[in-house]
Amino acid sequence: MSKQETVIKMEKESKEPKIMDLPGVGAATAEKLESAGFDNLISIAVASIGQLVDASGVTESVARKIIQAARDSLDMGFETGVSLLEKRKQVKKIQTDSIMLNQLLGGGFETGAITECFGEFGSGKTQIGHVLAVNCKKEDETVKAVYIDTENTFRPERIRQLAEGSEMDVEKTLKNILVAKAYNSDHQMLLAEKVEDLIKEGNNIRVVIIDSLTAHFRAEFIGRGTLAERQQKLNKHMHTLSKLADMHNVSVYLTNQVQADPAQFFGDPTKAVGGHIVAHASTFRIYLRKGKKNSRVAKLIDSPNLPEGEAAFVVENEGIKDL
Ligand code: GTP
Ligand code: MG
């Protein structure tokens, strides 16, 4: 397959049909359908003719056509092993200068996947984010990184230092990092949704960093009563990020805080914020802690195909290195 064919194929795959794309559905019908709860293709594909007629006022024969078209346009979710293997070949691994850390992750931070990194303050989560923003373009200068900064900890000076440490063009490196400050959780979610537009506009985005994933959510939803709502929003956010990783072969890197886990009496009494929602949506999960002699220890605790293990590294001016 030529490069152009690959691009066309990827565009085809990434084009998600909308209700308005269905034959016989204009703006007015779409609005009626949506307000009756038929706001996505799946809900229409599984609806009965009578339900659609009631909801939108179209004739029975039009309703039949709409349902059929919705069914046809839906990729029902089966992919062959061959096409999945082909997809795996497109996976790129973004490396740090720590061989141990790369090895722990099976070669580096994967594209097409979400890697969540959680740990206490100063454990190196933000530093890894900066390193990924720089290192993703080591092989290909056109590659860009998106950095969604929620805690105001992105530092261009640090990017300069890291780029210099890798003998990369500082100016070009900085130009290819698109930074956005998220002011609250809604803004953060919107920014994540906008990344797809950036890709469609032709930006070659390989990494999306969200530092921190959970800080706004944690600050805005306080108390037990708001937990369900928070988790629902987080779930939606994670869904956007999963889709981004999967459809556009992007490496999503998320940082997450830890909170005291009163149920844990032995071992490390901390757990990641966001609970199962974040944990399940993440492909790789790394627990970071401070080690001896100013080192950091990364522990891989969840991965589809790699053994659990640990890697020690140090954060230096030039980057992340082996101990
Ligand atoms: P929180 O966001 O507070 O939860 O922490 P974090 O896990 O994001 O920690 P971060 O990545 O900010 O790590 C901070 C540590 O990285 C510091 O304690 C330093 O050891 C190291 N560090 C940060 N900046 C530099 C730098 O410019 N040079 C070097 N050599 N080390 C740095
Ligand atoms: Mg940080």
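We're numbering straight along the sequence, starting at 1.
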Between E308 and R285, does any NZ, NE, NH1 or NH2 come within less than 4.0 Å of an OD or OE carboxylate oxygen? no
By side chain to side chain contact (heavy atoms under 4.5 Å, CB included), which residues pair with D246, not counting sequence neighbours? K87
Could you pull out all residues at least two apart from D149 that satisfy side chain to side chain donor-acceptor pair (under 3.5 Å)? none
Give a yes-or-no answer on whether the side chains of Q161 and R158 include a donor-acceptor pair shorter than 3.5 Å. yes
Measure the shortest side-chain to side-chain distance between N294 and V314 over non-hydrogen atoms and say whether it is less than 4.5 angstrom. no
Would you mind telling me which of R206, R88, K92 makes a salt bridge (Lys or Arg N to Asp or Glu O under 4.0 Å) with E110? R88
Answer yes or no: is there a donor N or O on one side and an acceptor on the other, between the side chain of S43 and the main chain of N40, under 3.5 Å? yes
Is the shortest side-chain N to carboxylate O distance from E157 to R160 below 4.0 Å? no
Under the criterion side-chain hydrogen bond (donor to acceptor under 3.5 Å, both in side chains), I'd like the reasoning laid out for T96 against N102: C-alpha separation, chi angles, the key distance, then a yes or no. CA-CA 7 Å; T96 65; N102 297 341; 3.0 Å; yes
Report, one line per pair, each donor and acceptor closer than 3.5 Å where one atom sits in a side chain of residues 28-37; sequence neighbours left out.
unit_1: S35; atom_1: OG; unit_2: E31; atom_2: O; d: 3.2
unit_1: S35; atom_1: OG; unit_2: K32; atom_2: O; d: 3.1

Partner set under side chain to side chain donor-acceptor pair (under 3.5 Å) for Q231, not counting sequence neighbours: none
All ring-ring contact (aromatic ring centres under 6.0 Å, His included) counterparts of F118, not counting sequence neighbours: Y287
Say whether, by atom type as modelled, one donor and one acceptor occur between the side chain of K299 and the main chain of I286 under 3.5 angstrom. no
Determine, for K175 against E141, whether the closest basic-nitrogen to carboxylate-oxygen distance falls under 4.0 angstrom. no
S61 meets the side chain to side chain contact (heavy atoms under 4.5 Å, CB included) criterion, sequence neighbours left out, with T59
What pairs meet the ring pair (Phe, Tyr, Trp, His ring centres under 6.0 Å) rule with one or both residues in residues 29-64, with sequence neighbours excluded? none
Listing request: all ring pair (Phe, Tyr, Trp, His ring centres under 6.0 Å) pairs with a residue in residues 289-308, at least two apart in sequence or in separate chains. none
With ring pair (Phe, Tyr, Trp, His ring centres under 6.0 Å) as the rule and sequence neighbours excluded, what pairs involving residues 300-323 come up? none
Verify salt bridge (Lys or Arg N to Asp or Glu O under 4.0 Å) between K138 and E167, making sure each step is shown before the conclusion. CA-CA 10 Å; K138 272 194 171 168; E167 289 170 10; over 6 Å; no
Side-chain donor-acceptor pairs of residues 212-220 under 3.5 Å, sequence neighbours excluded:
unit_1: S212; atom_1: OG; unit_2: T214; atom_2: N; d: 3.2
unit_1: S212; atom_1: OG; unit_2: A215; atom_2: N; d: 2.9
unit_1: S212; atom_1: OG; unit_2: Q257; atom_2: OE1; d: 3.3
unit_1: T214; atom_1: OG1; unit_2: N256; atom_2: OD1; d: 2.6
unit_1: T214; atom_1: OG1; unit_2: Q257; atom_2: OE1; d: 3.3
unit_1: H216; atom_1: NE2; unit_2: A182; atom_2: O; d: 2.8
unit_1: E220; atom_1: OE1; unit_2: S185; atom_2: OG; d: 2.6
unit_1: E220; atom_1: OE2; unit_2: S185; atom_2: N; d: 2.9

Partners of H187 by ring-ring contact (aromatic ring centres under 6.0 Å, His included), sequence neighbours excluded? Y183
Give a yes or no answer on whether the side chain of D169 reaches the backbone of E171 with a donor-acceptor pair at less than 3.5 Å. yes
Please list all pairs passing the ring pair (Phe, Tyr, Trp, His ring centres under 6.0 Å) test where one or both residues lie in residues 133-179, with sequence neighbours left out. H130-Y147, H130-F154, Y147-F154
